[in-house]
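Just so it is clear: chains get the letters A, B, ... in the order the sequence lines come, proteins before strands, and each one is counted from 1.
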Amino acid sequence: IYKLKDQVINSLKERDQLKLYCDLELPLASILAKMEQNGIRLDISTIRKMEEEVQEKLDDLTLRIYKLANKEFNINSYAQVAEVLYDDLNLPAHKKRSTAADYLEEIASFHPIVNLILDYRKYAKLQGTYIKGLQNFVHGDGKIHTIYNQFLTQTGRLSSKEPNLQNITIRDDEQRMVRKAFLPSNENSYLLSIDYSQIELRVLAHMADATSLINAFNNDEDIHLQTAMKIFDIENKDDVTSLQRRQAKAVNFGIIYGISDWGLAEQLGVSVSKAKDFINKYFATFPEIKTYLDKAVSDCEKNGYVKTLFNRIRYVKEINDPNYTVREFGKRVAMNAPIQGTAADIIKKAMLDIDKLLNDKNYQTKMLLQIHDELVFEVPENELMEVIPLICETMENAASLKVRLKVDYGYGKNWYDAK
DNA sequence: TTGCTCACG
DNA sequence: ACGTACGTGAGCAAG
Ligand SMILES: [Mg+2]
């Protein structure tokens, strides 16, 4: 190990990654350890109450599904669900008789059992993973102590396991209630959640030096609305429909994922030629982004890897693969990894700066969770109004880009209310 | 152990 | 003609 040290340090130097290692990842390791040891309190009585209510829903749905199917079967079994839908009831099946929600939604109008199964799935997920599942991870101190993996993902993000606290439900109003069970560890404290606004699109605007996108962000515009106005040629904000805004939002996501006309068409449920129009219009509006993404791909083809702003490297062996599909995947990775990875670099830097801030000023505020673009803190009431602007400012200044970084925050007596 | 599904950013 | 959006983890059924 001692001999290896010099070799490793040398290869980090050659790659210009010494700073990334010594000043970012290494100090972050002990911060993550502290976060894991702190843990977050889960209120068992709240979650038990939810368990009973959800079980009633599941029992009721089960009976109604059996009745419509004219038989009893295991609704948790995809094979048995497929048999009921595609054989017994003769509903139209997609490729490989998939029963994934995207496909079931398309046939929901043909038979009432379909929505009941979708509903059942929703509550079963809630019950299994988030209500019963989480309880199994509560330690003797009444807290959940997740495990962060600092060096697993291909992009530089963290991952979280046992349990995963980076995928706690939020999008569905009922499933979101799980967050009411996450509490600060004492009566005097609040949970404070601060998240970056559109950090990946801002990173893209910076890296591509896309003037009009940078200006839109610096003027604090609604970026999906602005995108809609430009790709649909709309002059007045008020004339943008919610559908057009949603479509523009999907285009923005697509850009970050490494856009393809087929993928966008699939996502939006429009024709491929329509999707192609959207993309062409987008690139005509933001020509620097087209230039940047093309260069990301061609650099990757030449070097076999891509880099983040902080010099994190992702090797992309797929980029020169003889197989078309694999190669196309390599191109999307080449476009996405620098963006997702730079955003990960920035929040890691923010975590170091915040840790130093809290230590230097002897605050009792504790950082508990990281969810990719969001940090969750436990804050004593008497520190709350003082630390909010300090932490927000620290996050916004964690990196100085051509575009301003912006955060939003919320706090409350539980995670649900910290919005 | 593997594949499917679904939860998050 | 090819054929999928990027990054993860967990629970369940089936072999
Ligand atoms: Mg956000």
Side-chain angles (χ1 to χ4, degrees), chain A residues 73-83 95-105 117-118 120-134 136-137 146-149 152-172 174-176 178-179 193 195-201 204 250-268 272 275 279 293 296 306 314 316 318 321-344 347 369-375:
Chain A
F73 64 102
N74 186 349
I75 309 169
N76 296 311
S77 162
Y78 309 120
Q80 293 180 42
V81 167
E83 188 181 302
K95 51 140 196 188
K96 291 189 296 183
R97 293 161 57 94
S98 166
T99 70
D102 280 353
Y103 302 113
L104 294 197
E105 279 160 14
I117 289 171
L118 286 168
Y120 178 93
R121 289 249 180 97
K122 173 184 133 178
Y123 290 111
K125 179 77 173 177
L126 183 61
Q127 188 76 310
T129 303
Y130 297 104
I131 294 182
K132 290 182 172 175
L134 282 178
N136 295 329
F137 290 104
T146 188
I147 297 168
Y148 288 107
N149 197 330
L152 179 143
T153 70
Q154 298 294 302
T155 55
R157 276 190 175 184
L158 303 177
S159 81
S160 155
K161 67 172 183 179
E162 296 173 15
N164 184 355
L165 292 184
Q166 292 182 318
N167 72 344
I168 301 301
T169 43
I170 190 168
R171 293 176 191 166
D172 178 88
E174 285 181 284
Q175 292 181 322
R176 187 175 190 161
V178 172
R179 292 177 174 234
S193 164
D195 77 298
Y196 283 106
S197 165
Q198 304 291 353
I199 189 166
E200 292 186 343
L201 278 176
L204 173 63
V251 172
N252 280 327
F253 269 101
I255 294 291
I256 289 169
Y257 291 158
I259 196 119
S260 74
D261 45 14
W262 284 83
L264 183 64
E266 189 74 18
Q267 187 63 35
L268 286 177
V272 172
I279 294 167
L293 292 175
V306 288
R314 176 169 180 174
V316 188
E318 295 89 349
D321 195 280
N323 180 292
Y324 174 87
T325 311
V326 175
R327 208 165 53 244
E328 288 299 306
F329 172 71
K331 290 181 186 173
R332 295 195 295 275
V333 165
M335 294 186 259
N336 170 266
I339 301 170
Q340 187 181 121
T342 299
I347 194 169
L369 304 175
Q370 191 254 38
I371 305 119
H372 308 304
D373 72 341
E374 170 189 5
L375 296 170

Practice task
May I ask you to decide if A/Ile75's main-chain N or O and A/Gln80's side chain share a donor-acceptor pair within less than 3.5 Å?
Solution key: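 It does not hold such a pair.
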
Interatomic spacing from [atom1] in [X] to [atom2] in [Y] - rounded to 0.5 Å:
X: A/Ile371; Y: A/Asn167; atom1: CD1; atom2: CG; value: 10.0 Å
X: A/Ser260; Y: A/Arg332; atom1: OG; atom2: CZ; value: 6.0 Å
X: A/Leu165; Y: A/Ile147; atom1: CG; atom2: CD1; value: 10.5 Å
X: A/Ile259; Y: A/Asn336; atom1: CD1; atom2: CG; value: 12.0 Å
X: A/Leu204; Y: A/Ile339; atom1: CG; atom2: CD1; value: 4.5 Å
X: A/Thr153; Y: A/Arg314; atom1: OG1; atom2: CZ; value: 8.5 Å

Checking all strands, does [X] fall into the base, sugar-phosphate, or nothing category for heavy-atom contacts under 4.0 angstrom?
X: A/Leu126; answer: nothing
X: A/Ile339; answer: nothing
X: A/Gln154; answer: sugar-phosphate
X: A/Arg171; answer: base
X: A/Gly254; answer: base
X: A/Leu264; answer: base
X: A/Glu328; answer: nothing

Which listed nucleotide ([options]) is nearest to the side chain of [X]?
X: A/Ala250; options: C/dG7, C/dA5, C/dT4; value: C/dA5
X: A/Trp262; options: B/dT5, B/dC8, C/dT4; value: C/dT4
X: A/Asn336; options: C/dC2, B/dT5, C/dG7; value: C/dG7
X: A/Ala100; options: B/dG9, B/dT5, C/dC6; value: B/dT5
X: A/Lys96; options: C/dC2, B/dC4, C/dG7; value: B/dC4

Taking only residues two or more places apart in sequence, or in another chain, which ones meet [X] in a side chain to side chain donor-acceptor pair (under 3.5 Å)?
X: A/Lys125; answer: none
X: A/Thr99; answer: A/Arg121
X: A/Tyr120; answer: A/Asn76

When you check the phosphate oxygens OP1 and OP2 of [N], does a side-chain N or O of [X] lie under 4.0 Å from one of them?
X: A/Ser98; N: B/dC4; result: no
X: A/Arg314; N: C/dG7; result: yes
X: A/Arg332; N: C/dT4; result: no

[X] [atom1] - [N] [atom2] separation (whole Å):
X: A/His372; N: C/dG7; atom1: NE2; atom2: P; result: 13 Å
X: A/Asp102; N: B/dC4; atom1: CG; atom2: P; result: 15 Å
X: A/Glu105; N: B/dC6; atom1: CD; atom2: C1'; result: 12 Å
X: A/Asp195; N: B/dC8; atom1: CG; atom2: P; result: 15 Å
X: A/Ile256; N: C/dA5; atom1: CD1; atom2: C1'; result: 12 Å
X: A/Leu118; N: B/dA7; atom1: CG; atom2: C1'; result: 15 Å
X: A/Glu266; N: C/dC6; atom1: CD; atom2: C1'; result: 16 Å
X: A/Arg157; N: C/dC6; atom1: CZ; atom2: P; result: 13 Å

Practice task
Sequence neighbours left out, what pairs pass salt bridge (charged side-chain N to carboxylate O under 4.0 Å, His left out) with at least one residue falling in residues 154-168 of chain A?
Solution key: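 Only A/Arg157-A/Glu200 qualify under salt bridge (charged side-chain N to carboxylate O under 4.0 Å, His left out).
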
Exercise for the section: Please state the P separation for the pair C/dG3 and B/dC6 - nearest whole angstrom. Expected result: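 Between the two P atoms, the distance is 25 Å.
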
Exercise for the section: Determine the Euclidean distance between corresponding P atoms of B/dA7 and C/dT4; express it in Å to zero decimal places. Expected result: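 To the nearest whole Å, 23 Å.
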
Got a donor-acceptor pair under 3.5 Å from the side chain of [X] to the base of [N]?
X: A/Thr325; N: C/dT4; answer: no
X: A/Arg327; N: C/dG3; answer: no
X: A/Gln166; N: B/dC8; answer: no

Practice task
Starting from Watson-Crick (N1-N3 plus N6-O4 or O6-N4) and G-U wobble pairs under 3.5 Å, report the runs of at least three that DNA chain C belongs to.
Solution key: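 Paired runs of 3+ in DNA chain C: B:1-9 with C:6-14.
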
Problem - Residues, nucleotides or ligands: over 12 heavy atoms within 6.0 Å of A/Glu266 CD - result: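 Open: at most 12 neighbouring heavy atoms sit under 6.0 Å from CD of A/Glu266.
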
Exercise for the section: Using a 4.0 Å heavy-atom cut-off, write out nucleotides 10-15 of chain C from 5' to 3' as B (base contacted by protein), S (sugar-phosphate only) or - (no contact). Expected result: SBSSS-

